There are 2 protein chains.
Amino acid sequence: MDLTKNEEDYLKALFMLSVEAGTELVGTNHIASGLGLAPASANSMLKKLTDKTLVHYEKHGKWVLTDEGKRIALQLIRKHRLWETFLYEKLEFTWDEVHEVAEQLEHIHSKKLVEKLDKFLGHPEFDPHGDPIPNEKGKYKAVRKLTLSEVPPGAVCKLIAVKDTSAAFLQYVSEIGLGIRSQIKLVDRRDFDNSISIEVDGRQVQVSEKFAINVFVVVV
Amino acid sequence: MDLTKNEEDYLKALFMLSVEAGTELVGTNHIASGLGLAPASANSMLKKLTDKTLVHYEKHGKWVLTDEGKRIALQLIRKHRLWETFLYEKLEFTWDEVHEVAEQLEHIHSKKLVEKLDKFLGHPEFDPHGDPIPNEKGKYKAVRKLTLSEVPPGAVCKLIAVKDTSAAFLQYVSEIGLGIRSQIKLVDRRDFDNSISIEVDGRQVQVSEKFAINVFVVVV
DNA sequence: TATAAAAGTTAGTTTAGACTAACAAATTTA
DNA sequence: TAAATTTGTTAGTCTAAACTAACTTTTATA
Ligand SMILES: [Mn+2]
Ligand SMILES: [Mn+2]
Ligand SMILES: [Mn+2]
Ligand SMILES: [Mn+2]
């Protein structure tokens, strides 16, 4: 009845990769590398999940979640994001620390726990990274996460995550005076190279389009 | 480095059984039946834990925790009881629902999580069953849990658990108007048969010594 | 003290879920 | 279209942790 941690992780990976790729079908190697495993391992696990009718095999090496498989994946994502919200909001974890622990907590089996946690948190719709939290039925709000490069002049937004997590980039981000939850006002954008002027703590800063593409924000 | 869920559960079981038995030494069969497993399974796991110097083999079929093994067991108990407290205090779980979920949550690996959870709960010293919560160093307050039969006349106490969990007994308990957290005033005790008079919600009730032995309370 | 019962160990099997190496099929590319 | 490359599968091995069955050692009892 209840799936193992590993089975659950495969279903979640398949869901995430298919959303990311914009197609239902995902190849064996793609799933394997997403989980950091050998293709042979993924192949045999996916065959097992096919027997359990959680995954469907399509032509040569392509896999799709069944409705039931998708339902389970969405519940897992729900749990993951609720736990991230809990760690961030209630236990003073920073946004970059929550994921690793949520990766473990998402596998706790207790329907009551999930529903009570959701209630305790006030039924949040987005996790600390700005990703939507599916409800009990698996439905969720459209993503409101943007990169800084998409924000219109005049808008005020808040930094919620970075795409590039290299030390060099993070160093640059903090030099500018930015961090998680920083308020950013987009002053204007130059058509010439799409570089932008932003206002941070009352100071005005110039950043390139490349920089702006690597910063995720929500408009406040 | 990090132990598996199963290894952890063996260490905890060994600790709890040795406390219960009042002796450091615990036999193979005892540990096996405590975990609901075959003696052969316990034997091979305990040999493995011996290699890891978490357990020590003593003469014929008797096992003892090493200092390191005991340290780990106490940390596991700390986590278990902190989670039970969280579920009870923050998520509206009832006292009899917390154990099963805490059995899973205790295996989440994150030092930061335990310390932040402890802080969030206000550094509680006892869990919802009245059992003491070890601190980061494994130290804990002496147990303050009593059976109703040990309470002196005049004292006011609170029901925190029952020893006998049979349907018949629970039925009787609720008939008297008692439940978890009920206030009980001990009116007096008859020397003749150690039966007692208690006051519950202003009503006076007579109960036998056998009844009193099966009800755990804390003096308030 | 001899025998029965209880307790503990060993050996061999099973399942989950990894891995590597060898192989086969599809897709690119020359 | 033939060769090269990429992608996927099969077979066999490994580890963790359970199981059963058979065997041995210790303890209890007649
Ligand atoms: Mn995450
Ligand atoms: Mn996970
Ligand atoms: Mn418990
Ligand atoms: Mn456990």
Side-chain angles (χ1 to χ4, degrees), chain A residues 1-14 17-18 20-21 23-65 69 72-73 76 103-104 106-107 109, chain B residues 1-14 17-18 20-21 23-65 69 72-73 76 103-104 106-107 109:
Chain A
M1 183 73 279
D2 262 352
L3 300 178
T4 65
K5 174 197 173 293
N6 296 299
E7 291 171 326
E8 289 183 340
D9 280 339
Y10 273 93
L11 295 178
K12 196 178 69 161
L14 183 41
L17 293 171
S18 76
E20 199 179 281
T23 160
E24 301 252 283
L25 298 157
V26 184
T28 309
N29 287 8
H30 196 187
I31 296 166
S33 79
L35 288 164
L37 301 172
S41 308
N43 182 268
S44 80
M45 177 60 103
L46 288 159
K47 281 198 289 191
K48 195 176 72 172
L49 292 170
T50 299
D51 292 344
K52 297 192 177 187
T53 67
L54 297 171
V55 156
H56 184 242
Y57 184 86
E58 200 86 7
K59 53 185 166 186
H60 150 263
K62 299 294 180 183
W63 310 88
V64 207
L65 287 172
I72 295 171
L76 205 65
E103 203 57 49
Q104 299 178 59
E106 71 189 2
H107 301 289
H109 293 293
Chain B
M1 184 74 280
D2 261 351
L3 300 178
T4 65
K5 173 195 173 294
N6 296 296
E7 291 170 326
E8 289 182 339
D9 279 339
Y10 273 92
L11 295 178
K12 196 179 67 162
L14 183 42
L17 292 171
S18 75
E20 200 178 281
T23 162
E24 299 252 283
L25 299 156
V26 184
T28 310
N29 287 8
H30 197 187
I31 297 165
S33 79
L35 288 164
L37 301 172
S41 308
N43 182 267
S44 80
M45 177 61 103
L46 288 159
K47 282 198 289 193
K48 194 176 71 172
L49 292 170
T50 299
D51 292 344
K52 297 193 178 188
T53 68
L54 298 171
V55 157
H56 184 242
Y57 185 86
E58 198 86 7
K59 52 184 167 183
H60 154 262
K62 301 293 180 183
W63 310 88
V64 207
L65 287 172
I72 295 171
L76 205 65
E103 203 57 48
Q104 299 177 59
E106 71 190 2
H107 301 290
H109 294 293

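Chain letters run A, B, ... following the sequence lines, proteins first and then strands; every chain starts at 1. Because the structure is a prediction, the values reported are computed rather than measured. Below, each value reflects all heavy atoms present in this structure, side chains not excepted, and no hydrogens, waters or symmetry copies.
- Each of D/dG8, C/dT9, C/dC19 was ranked by its minimum atom distance to the side chain of A/L37; first place goes to C/dC19.
- Proximity of B/Y10 to the phosphate of D/dA18: a side-chain N or O atom is located under 4.0 Å from OP1 or OP2.
- Between B/E8 and B/E106 the shortest heavy-atom distance is OE1-O, 4.4 Å.
- Nearest-nucleotide positions on DNA chain C place A/S44 closer to the 5' end than the other of A/H60 and A/S44.
- Here the side chain of B/W63 is nearest to one of C/dT9, D/dT9, C/dG8, namely C/dT9.
- B/E24 has its side chain out of reach of B/H56: every pair of non-hydrogen atoms, C-beta onward, lies at least 4.5 Å apart.
- Between the B/Y57 side chain and the B/K59 main chain, a donor and an acceptor come within less than 3.5 Å of each other.
- In the set D/dT9, D/dT10, C/dA16, the nucleotide with an atom closest to the side chain of A/A40 is D/dT10.
- When the nucleotides D/dA18, D/dG8, C/dC19 are ranked by their closest atom to the side chain of B/M45, D/dA18 comes out on top.
- Comparing C/dG8, D/dG8, C/dC19 by their nearest atom to the side chain of A/N29 picks out D/dG8.
- Taking NZ from A/K5 and CD from A/Q104, the interatomic distance works out to 8.5 Å, rounded to the nearest 0.5 Å.
- The side chain of A/N43 places no N or O atom within less than 4.0 Å of a non-bridging phosphate oxygen (OP1 or OP2) of D/dG8.
- Counting to the nearest Å, the P atom of D/dG8 and the CD1 atom of A/I31 are 9 Å from each other.
- Using a 4.0 Å heavy-atom cutoff across all strands shown, B/K47 reaches sugar-phosphate atoms only and no base atom.
- Nucleic acid contact class of A/S41 (heavy atoms, under 4.0 Å, all strands): base.
- Note on B/N6: every side-chain N or O is 4.0 Å or more away from OP1 and OP2 of D/dA16.
- Contact between the side-chain N/O atoms of A/Y57 and the OP1/OP2 oxygens of D/dG8 is not found at any separation under 4.0 Å.
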